Amino acid sequence: MPFDPTLPAANTPNSSAQMRAQLNGLKELIDNLGSVTSAQVEAVTTLPAGDAATVDASITGGVLHFSFGIPQGQMGDPGPTGGNGNDGAPGQPFAQAVVDNVNTLSPGQDATVDVSFDGTNVHFSFGIPRGNDGAQGPPGEVTLNELANVINGSSANSNSVGTLGLGVNDPPSGADLQQVVNKLNELILALRR
């Protein structure tokens, strides 16, 4: 006789044959289950406060599957007001902000900032994009090359002026002074551009 969960019926006389049949039916069910090789929790559901906890179990291919329903706790009473009713004292401020590095990014990239806190200091790492190259400006009046050539050749302007090469009388004569004036004028004209 297979197992019948309705037997024995309430308030009926006990029958050893009926009890034996029920026990044999249970044994047969257990023998047909095979062995359980593992267990797996399929779901855990939060139930409203005050509901009874639930569990569903099934066996599939040697795996015991569970689904639990666990009621949430009742809302607790509010806690007492602290101290004089004010908020607590402010916490310790951080000691300082530290910039660990600043990286130059390519033009067009978004700027970045990474922030971390080590319990004392706030650390920053910035990424700042470089601007795009500007348009070429108009050329100047003199290129650097032209200026260098002029400076390098400027001492040659005075090369054509010879040395004074004269003896001066004591006291100098008007002719001596005139020779000095003439040489000075020659030099001034040679240095003009």
Side-chain angles (χ1 to χ4, degrees), residues 33-161 163 184-193:
L33 286 177
S35 62
V36 173
T37 58
S38 64
Q40 182 174 339
V41 176
E42 293 294 329
V44 177
T45 305
T46 301
L47 303 176
D51 282 9
T54 62
V55 63
D56 290 322
S58 63
I59 297 177
T60 305
V63 178
L64 181 58
H65 297 270
F66 290 101
S67 292
F68 296 99
I70 301 173
Q72 64 184 7
Q74 298 288 341
M75 179 66 76
D77 294 331
T81 302
N84 60 5
N86 296 327
D87 291 338
Q92 291 293 324
F94 62 86
Q96 62 182 343
V98 178
V99 176
D100 290 325
N101 54 46
V102 177
N103 296 313
T104 301
L105 305 177
S106 297
Q109 284 187 292
D110 290 336
T112 62
V113 62
D114 291 323
V115 181
S116 63
F117 183 63
D118 64 11
T120 303
N121 299 317
V122 177
H123 294 267
F124 292 93
S125 293
F126 296 97
I128 301 173
R130 174 174 59 82
N132 291 317
D133 292 337
Q136 179 68 38
E141 291 181 20
V142 177
T143 67
L144 288 177
N145 232 2
E146 291 170 332
L147 181 61
N149 288 339
V150 169
I151 290 172
N152 288 339
S154 63
S155 70
N157 292 344
S158 64
N159 288 349
S160 64
V161 178
T163 59
L184 185 56
N185 285 337
E186 184 183 354
L187 179 62
I188 290 170
L189 291 173
L191 292 175
R192 287 185 179 165
R193 297 182 190 237

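These numbers were taken from a predicted model, which means no experiment stands behind them.
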Hey, can you pull the donor-acceptor pairs under 3.5 Å for the side chains in residues 110-118, sequence neighbours left out?
| from | atom 1 | to | atom 2 | distance (Å) |
| --- | --- | --- | --- | --- |
| Thr112 | OG1 | Gly127 | N | 3.3 |
| Asp118 | OD1 | Thr120 | N | 2.9 |
| Asp118 | OD1 | Asn121 | N | 2.6 |
| Asp118 | OD2 | His123 | NE2 | 2.9 |

Side-chain donor-acceptor contacts of residues 50-73 below 3.5 Å, not counting sequence neighbours, with atom names and distances?
| from | atom 1 | to | atom 2 | distance (Å) |
| --- | --- | --- | --- | --- |
| Thr54 | OG1 | Gly69 | N | 3.3 |
| His65 | ND1 | Glu42 | OE2 | 2.5 |

Who are the side-chain hydrogen bond (donor to acceptor under 3.5 Å, both in side chains) partners of Ser125, not counting sequence neighbours?
Asn101

To the closest 0.5 Å, what do you measure between CD1 (Ile128) and OG1 (Thr104)?
7.5 Å

Gap separating the CZ atom of Arg130 from the CG atom of Asn132, nearest 0.5 angstrom:
7.5 Å

